Asks: 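Let me begin by handing over the structure; questions about it come next.
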Amino acid sequence: MSTPPVILLLSGSLRAGSSNEALLRTAHAVAPDARVGAVRYDGLAGLPHFNPDDDTDPLPASVAELRAAIDRAAGVLICTPEYAGTLPGSFKNLLDWTVGGTEICDKPVAWVNAAAPGRGAGAEATLRTVLGYTGAAVVEPACVRIPVDRGMLGTDGLIADLVVRRQLGEALRLLAAAGTRAEGTDRA
């Protein structure tokens with residue numbers, strides 16, 4: 001039996017009780033049903049401020065861990081809030097640390113947007129731009145809007161809504177399939 005592809009889950013939020021975190025925790029919970037593995041990255045707060053002078057070997061340990069996690073993953077699923085019409089500074093900092101490496105280049109990447117209808121477009125646009133600079137392979141069908149209302153959260157911090165769980169499972173499956181195809185291309 002082969003090991004399922006693993007998707008790295010990146011949250012752009014540092015806020016306790018974040019709907020973005022809840023969506024990624026739920027994605028982590030539904031991953032086995034989608035026949036994929038999922039790993040949540042929780043080092044956002046520990047990354048140093050990006051400085052190109054520090055983007056050399058040896059990398060700061062937290063940056064090396066981030067890049068290794070991206071490298072090991074078959075794909076990356078991002079869920080980030082919008083702040084002041086764009087990405088939160090801490091998440092943009094994380095992405096800046098990926099520009100100088102090759103780990104995310106050609107890596108299947110998608111995002112889920114937890115914002116209420118009419119919101120979040122600025123974060124998506126900035127994310128698309130920055131991911132373009134990194135060379136990430138955006139998997140468009142896996143990029144979905146799944147608005148999260150606080151009332152959707154259970155006492156366990158997960159979303160029980162079956163439609164949301166199906167949407168997350170499908171996004172994970174699409175990323176895993178793209179990652180498997182990319183790995184097969186690399187081996188050819």
Side-chain angles (χ1 to χ4, degrees), residues 2-13 19-41 44 66-82 86-88 91-92 94-115 117 119-148 159 161-188:
S2 64
T3 304
V6 174
I7 305 301
L8 180 65
L9 307 174
L10 292 178
S11 174
S13 181
S19 56
N20 296 278
E21 277 290 327
L23 205 52
L24 289 182
R25 280 192 309 274
T26 305
H28 187 263
V30 302
D33 296 336
R35 296 190 183 100
V36 299
V39 174
R40 290 178 49 222
Y41 174 76
L44 178 63
L66 167 66
R67 287 186 180 177
I70 293 170
D71 194 45
R72 286 189 302 269
V76 178
L77 183 63
I78 297 167
C79 190
T80 184
E82 180 176 275
T86 190
L87 297 173
F91 192 66
K92 174 64 168 64
L94 178 148
L95 293 173
D96 286 345
W97 279 113
T98 69
V99 174
T102 59
E103 298 81 8
I104 203 165
C105 187
D106 296 323
K107 181 79 60 177
V109 176
W111 56 81
V112 289
N113 186 329
R119 307 196 47 89
E124 283 184 16
T126 306
L127 193 54
R128 184 177 301 284
T129 298
V130 175
L131 290 172
Y133 278 98
T134 67
V138 176
V139 180
E140 295 293 341
C143 296
V144 293
R145 288 181 166 256
I146 306 175
V148 175
I159 300 166
D161 184 276
L162 294 178
V163 172
V164 168
R165 287 174 165 261
R166 276 195 292 274
Q167 288 177 297
L168 289 170
E170 182 62 15
L172 290 168
R173 278 190 290 280
L174 289 166
L175 272 172
T180 302
R181 282 192 304 276
E183 287 177 10
T185 303
D186 290 345
R187 291 183 192 138

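Everything quoted here is computed from the prediction, not taken from an experiment.
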Asks: How about Leu23 and Val164: do any of their side-chain heavy atoms sit closer than 4.5 Å?
Replies: yes

Asks: Which one of Ile7, Leu10, Thr98, Val139 satisfies the side-chain contact (heavy atoms from CB on, under 4.5 Å) criterion with Val76?
Replies: Leu10

Asks: State plainly whether the residues Asp96 and Lys92 are in salt-bridge range, i.e. N to O under 4.0 Å.
Replies: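 A salt bridge links Asp96 with Lys92.
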
Asks: Distance check, rounded to the nearest 0.5 Å: Ile78 atom CD1 versus Leu131 atom CG?
Replies: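 One finds 5.0 Å between CD1 of Ile78 and CG of Leu131.
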
Asks: Of all heavy-atom pairs between Thr134 and Leu95, which one has the smallest distance, and what is that distance?
Replies: CG2-O, 4.5 Å

Asks: Suppose we screen for side-chain hydrogen bond (donor to acceptor under 3.5 Å, both in side chains). Which residues come up paired with Arg35, at least two apart in sequence or across chains?
Replies: none

Asks: Under the side chain to side chain contact (heavy atoms under 4.5 Å, CB included) rule, what do Leu9 and Leu172 come out as? Steps first, then yes or no, please.
Replies: CA-CA 10 Å; Leu9 307 174; Leu172 290 168; 4.2 Å; yes

Asks: Counting neighbours of CZ on Arg145 that are heavy atoms of other residues, nucleotides or ligands and sit closer than 6.0 Å, is the number greater than 12?
Replies: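 More than 12 within 6.0 Å, yes.
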
Asks: Compare all side-chain heavy atoms of Val138 with those of Arg128 and state whether any distance is below 4.5 angstrom.
Replies: yes

Asks: What are the two closest non-hydrogen atoms of Gly169 and Val30, and how far apart are they?
Replies: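 Nearest heavy atoms, Gly169 then Val30: N-CG2, 4.1 Å.
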
Asks: Check Asn20 against Ala114 and note the closest heavy-atom contact, atom names and distance.
Replies: OD1-CB, 3.8 Å

Asks: To check you understand the geometry: which heavy-atom pair defines the closest contact between Cys79 and Leu24, and what is its length?
Replies: CB-CG, 3.7 Å

Asks: From Glu21 CD over to Ser11 OG, what is the distance, rounded to the nearest 0.5 angstrom?
Replies: 3.5 Å

Asks: Rounded to the nearest 0.5 Å, what separation is found between the CD1 atom of Ile70 and the SG atom of Cys105?
Replies: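 If I round to the nearest 0.5 Å, the distance is 12.0 Å.
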
Asks: Measure the CZ-CD1 distance between Arg165 and Ile159 for me, rounded to the nearest 0.5 Å.
Replies: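 Output value for this atom pair is 8.5 Å.
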
Asks: For the side chain of Arg67 and the backbone of Trp97, is there at least one donor-acceptor N/O pair under 3.5 Å apart?
Replies: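 Looks like yes, one N/O pair under 3.5 Å.
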
Asks: Run Tyr41 and Leu66 through side chain to side chain contact (heavy atoms under 4.5 Å, CB included) and show every step you take.
Replies: CA-CA 8 Å; Tyr41 174 76; Leu66 167 66; 3.8 Å; yes

Asks: Taking all non-hydrogen atoms of both residues into account, name the closest pair between Gly12 and Leu44 and its distance.
Replies: C-CD2, 3.9 Å

Asks: For Asn113 and Glu124, work out which heavy atoms get closest and say how close.
Replies: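 Between these two residues, the closest heavy atoms are ND2-OE2, 2.7 Å.
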
Asks: Could you tell me if the side chain of Leu168 sits less than 4.5 Å from the side chain of Val144, heavy atoms only?
Replies: no

